[in-house]
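Everything on this sheet refers to the single structure shown next.
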Protein chains: 2
Amino acid sequence: MTDQRRMTLKDLAQELNVSTATISNAFNRPDQLSPALRERILKEAKRLGYSGPDAKARSLRTGRSRIIAVILAESLTYSLNDAVASEFLSGVAEVLDAHGHTLLLLPGRGHASQPPGSANIADGFIVYGLMPNNKLLDELPTQRTLVAVDFDIEGCPTVHIDDTAASYKIAQHALNELPKRPAIINLRLTKEVCNGRVTAEHTLLPNTSTISRARLEGFHSALSEQGVDVEQVPLWNIEENTFEVCSPVIAEILDQPIEKRPDLLLCMSDRIALTALTLAEQRGIRVPEELRITGFDGIAEGQYRAPRLTTVRQDSVGKGRVAAQMILGRVPLAQQLLQTELLLGDTCP
Amino acid sequence: MTDQRRMTLKDLAQELNVSTATISNAFNRPDQLSPALRERILKEAKRLGYSGPDAKARSLRTGRSRIIAVILAESLTYSLNDAVASEFLSGVAEVLDAHGHTLLLLPGRGHASQPPGSANIADGFIVYGLMPNNKLLDELPTQRTLVAVDFDIEGCPTVHIDDTAASYKIAQHALNELPKRPAIINLRLTKEVCNGRVTAEHTLLPNTSTISRARLEGFHSALSEQGVDVEQVPLWNIEENTFEVCSPVIAEILDQPIEKRPDLLLCMSDRIALTALTLAEQRGIRVPEELRITGFDGIAEGQYRAPRLTTVRQDSVGKGRVAAQMILGRVPLAQQLLQTELLLGDTCP
DNA sequence: TTGTAAGCGTTATCAC
DNA sequence: GTGATAACGCTTACAA
């Protein structure tokens with residue numbers, strides 16, 4: 001009572017002349033003691049300023065923290081400001097929250113000032129996106145559940161969409177009307193840093209199972225199917241999915257002489273597509289008459305505007321929900337494949 | 001070695017024939033043992049699959065977890081998908097990350113399925129936005145640092161902007177050209193749920209220190225200064241800062257007969273303003289010729305589009321940085337007031 | 001430079 | 001229904 005330090009369960013027990021076990025039970029197992037006693041304990045606890053068992057001690061003892069970590073391959077700054085990642089996180093958060101768990105955010109490519117350290121406090125890990133290196137993953141406590149989203153870890157349950165099929169679908173739609181000069185804008189496709197046209201100089205990233213490569217493949221099959229030689233289709237690359245990084249590349253594309261300027265832009269993301277749309281609007285290029293644009297993701301920003309973006313929607317929130325449910329063991333750990341849906345907007349009717 | 005359970009520091013010590021203290025030092029205090037021994041320990045640890053001290057035990061022992069919790073007044077789903085909150089979080093994350101801390105996300109208005117419980121694992125708390133009730137706050141361990149952002153907790157360090165001054169500034173700009181029919185769209189201003197026109201029937205929320213009230217006050221002073229009777233200025237209310245909730249109200253405003261339709265919309269947020277802009281575009285209402293619109297926040301989406309939104313920028317990322325620095329004790333715990341900046345876009349030149 | 005041992009605040013297993 | 005007591009895995013005086 002005259003203590004400076006936070007009151008502990010033991011203190012409270014002493015104060016109330018009951019054993020520590022009884023206090024613990026009052027908080028954790030209501031059926032283990034009489035309602036009256038429990039009532040009294042809870043009331044006294046509040047009065048004396050004891051706000052329940054300490055989480056650190058409890059987690060040490062029980063081995064569980066009710067904390068789930070999401071490891072974001074991209075930086076936290078990027079992820080939090082990216083609509084797709086945010087939706088994913090909100091799906092995760094929703095499920096965790098509903099089951100009394102909380103969300104710890106870990107950067108994959110961090111300042112690495114410290115080893116993860118505090119990370120292994122989590123009961124489980126959701127890894128979102130291909131990690132830049134496996135160092136962090138290696139350090140993850142084995143024996144703890146791990147779910148991989150949007151990429152594969154050998155032997156791990158995963159949540160995916162079929163990127164190739166989805167991008168094939170949208171490209172196929174766009175090719176209903178055959179373009180004169182189609183072009184593709186992709187994301188982080190080259191080994192070398194390249195913000196601009198991908199040429200013979202560049203080598204594509206080896207990993208063929210990246211989202212980037214998968215979507216490119218979808219675009220290419222649809223093009224081939226229409227008899228287009230994919231080698232002739234200009235391919236542009238962008239290093240980060242943000243307006244700032246995209247816009248100079250898009251400007252370069254749109255500012256070509258009109259006879260070289262594409263009339264169809266297959267974009268790997270809505271962010272790229274929206275940037276293209278904005279820049280086209282600024283230049284007075286009419287969409288879709290002079291330039292058709294397709295996106296990928298189906299983020300709100302593309303749908304709640306005029307003209308609406310033509311794109312393929314992936315259910316990022318759903319992805320998050322499924323991943324969280326897997327981690328919590330509420331659905332079987334498996335390889336989940338989520339559906340996508342064509343969104344026919346105005347930018348490529 | 002033949003153990004099923006995760007290897008512990010003690011196991012490792014036994015294996016290597018050194019004391020537990022030495023192992024601990026190898027990980028935490030390099031200067032406490034010879035480099036050679038440390039090298040050997042680290043190498044053996046890796047070989048035997050010991051990935052460093054357990055965070056749960058360590059945090060119990062040291063009393064610190066290197067985890068900072070951000071309590072979001074809104075739901076996690078909303079916050080993660082709101083540009084302003086996301087920017088704030090990324091500012092927080094950036095600073096935490098740089099100092100080897102991690103970010104735990106807690107919903108303020110949660111399903112409340114469980115008491116916070118695992119929350120008090122955090123070393124400090126950043127509370128973002130006015131909490132719906134004080135229950136959660138009361139349960140927060142006293143003696144732990146607490147920083148309030150965008151609202152006040154008595155005796156707490158805070159990070160703020162001057163909402164009244166900022167909204168006065170933008171309104172003053174807008175009133176350079178005197179509107180015939182100005183209107184204000186505000187957020188969660190009434191006690192009753194009200195998506196639509198605020199009438200005499202409604203009672204404003206009592207708390208005059210909310211962001212909503214503060215911004216309204218700024219609008220009103222600017223209007224009064226121009227001799228406009230603020231009682232005559234239509235005031236609309238919206239319950240949530242999302243396109244879905246905003247758009248019906250905005251539609252109602254814009255679909256009034258042209259002689260009643262406002263020619264200036266002072267919006268309490270960029271989200272509201274952008275919704276207004278989209279709906280105006282859909283209706284062929286010319287902005288700014290027939291309708292001028294101002295926002296508040298300065299989110300990217302409003303600036304990376306054509307026409308650009310006229311608004312006042314608050315540095316949400318900076319807010320997050322400052323809050324995080326305070327929590328980490330890198331800047332003095334105080335009442336910080338951040339600057340705002342007028343952003344003259346195209347929607348109200 | 002290294003080892004010993006006492007907790008950190010709980011929960012769980014027993015007896016009673 | 002209730003009360004001792006032994007872990008949980010680690011850090012850190014302090015002793016050697």
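Values below: every heavy atom of this structure, side chains too, minus hydrogens, waters and symmetry copies. Chain A is the first sequence line, chain B the second, and so forth, proteins listed ahead of strands; every chain is numbered from 1.
At whole-Å resolution of the value, CZ in R29(B) and C1' in dC10(D) are 13 Å apart. Regarding R58(A), its CZ atom lies at a distance of 18 Å from the C1' atom of dG9(D), rounded to whole Å. Atom pair N28(A):CG and dA12(C):P shows a separation of 7 Å (rounding to whole Å applied). One atom, CD1 of I41(A), and another, C1' of dT10(C), lie 15 Å apart when rounded to the nearest Å. Remark: C1' of dA6(D) and CG of L60(A) are 13 Å apart, rounded to the nearest angstrom. In this entry the distance linking CG of D11(A) with P of dC8(C) reads 10 Å, nearest Å. Protein atom CG of L9(A) is 16 Å distant from nucleotide atom C1' of dA7(D), rounded to whole Å. At whole-Å resolution of the value, CG in L12(A) and P in dT10(C) are 9 Å apart.
Using a 4.5 Å heavy-atom cutoff, the side chains of V70(A) and L104(A) are not in contact. You'll find the side chain of L328(B) stays beyond 4.5 Å of the side chain of D123(B), heavy atoms only.
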Side chain to side chain contact (heavy atoms under 4.5 Å, CB included) between I161(A) and L337(A), worked out: CA-CA 5 Å; I161(A) 59 167; L337(A) 204 61; 5.6 Å; no

Derivation and outcome, side-chain hydrogen bond (donor to acceptor under 3.5 Å, both in side chains), residues R144(B) and N120(B): CA-CA 9 Å; R144(B) 211 72 56 82; N120(B) 68 19; 5.9 Å; no

D315(A)/R321(A) under salt bridge (Lys or Arg N to Asp or Glu O under 4.0 Å): CA gap, chis, key distance, verdict: CA-CA 10 Å; D315(A) 183 5; R321(A) 289 201 193 104; 5.0 Å; no

Verdict with reasoning, L76(A) to S90(B), per side chain to side chain contact (heavy atoms under 4.5 Å, CB included): CA-CA 6 Å; L76(A) 291 184; S90(B) 72; over 6 Å; no

Verdict with reasoning, T8(B) to D11(B), per side-chain hydrogen bond (donor to acceptor under 3.5 Å, both in side chains): CA-CA 5 Å; T8(B) 73; D11(B) 298 337; 3.3 Å; yes

Step-by-step side-chain hydrogen bond (donor to acceptor under 3.5 Å, both in side chains) determination, T158(A) to Q335(A): CA-CA 5 Å; T158(A) 56; Q335(A) 325 274 56; 3.1 Å; yes

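Tested against L103(A), the residues I126(A), D97(A), V95(A), V92(A) include a single side chain to side chain contact (heavy atoms under 4.5 Å, CB included) partner, V92(A).
Residues N28(A) and R58(A) bring a donor and an acceptor atom of their side chains to less than 3.5 Å of each other. Side-chain contact of H99(A) with R330(A): a donor-acceptor pair under 3.5 Å is present, judged by distance alone.
Y128(A) is linked by a ring pair (Phe, Tyr, Trp, His ring centres under 6.0 Å) to F88(A), counting only residues two or more places apart in sequence or in another chain. Residues passing the ring pair (Phe, Tyr, Trp, His ring centres under 6.0 Å) test with Y78(A), sequence neighbours excluded: none.
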List every contact pair, protein side and nucleotides 14-16 of chain D side both N or O, where the distance is under 3.5 Å.
none

Pairs under 3.5 Å (N/O, protein and nucleotides 14-16 of chain C):
none

Any protein N or O atoms within reach of nucleotides 1-4 of chain C? Criterion: under 3.5 Å, listing atom names and distances.
| residue | atom | partner | partner atom | Å |
| --- | --- | --- | --- | --- |
| dT2(C) | OP2 | S34(B) | N | 3.4 |
| dG3(C) | OP2 | S19(B) | N | 2.8 |
| dG3(C) | OP2 | S19(B) | OG | 3.4 |
| dG3(C) | OP2 | T22(B) | OG1 | 2.9 |

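With salt bridges taken as basic N to acidic carboxylate O contacts below 4.0 Å, one links R188(A) and E74(A).
A donor-acceptor contact under 3.5 Å is formed by the side chain of R61(A) with the base of dT11(C).
In the helix from dT1(C)-dA16(D) to dC16(C)-dG1(D), the terminal helix axes, each the rotation mapping four pairs' C1' atoms onto the next four within five end pairs, subtend 30°, rounded to 10°.
Within the nucleic acid shown, Y50(A) comes within 4.0 Å of sugar-phosphate atoms alone, with no base atom in reach, counting heavy atoms only.
Remark: S24(A) is in phosphate contact with dT11(C), judged by side-chain N or O atoms under 4.0 Å from OP1 or OP2.
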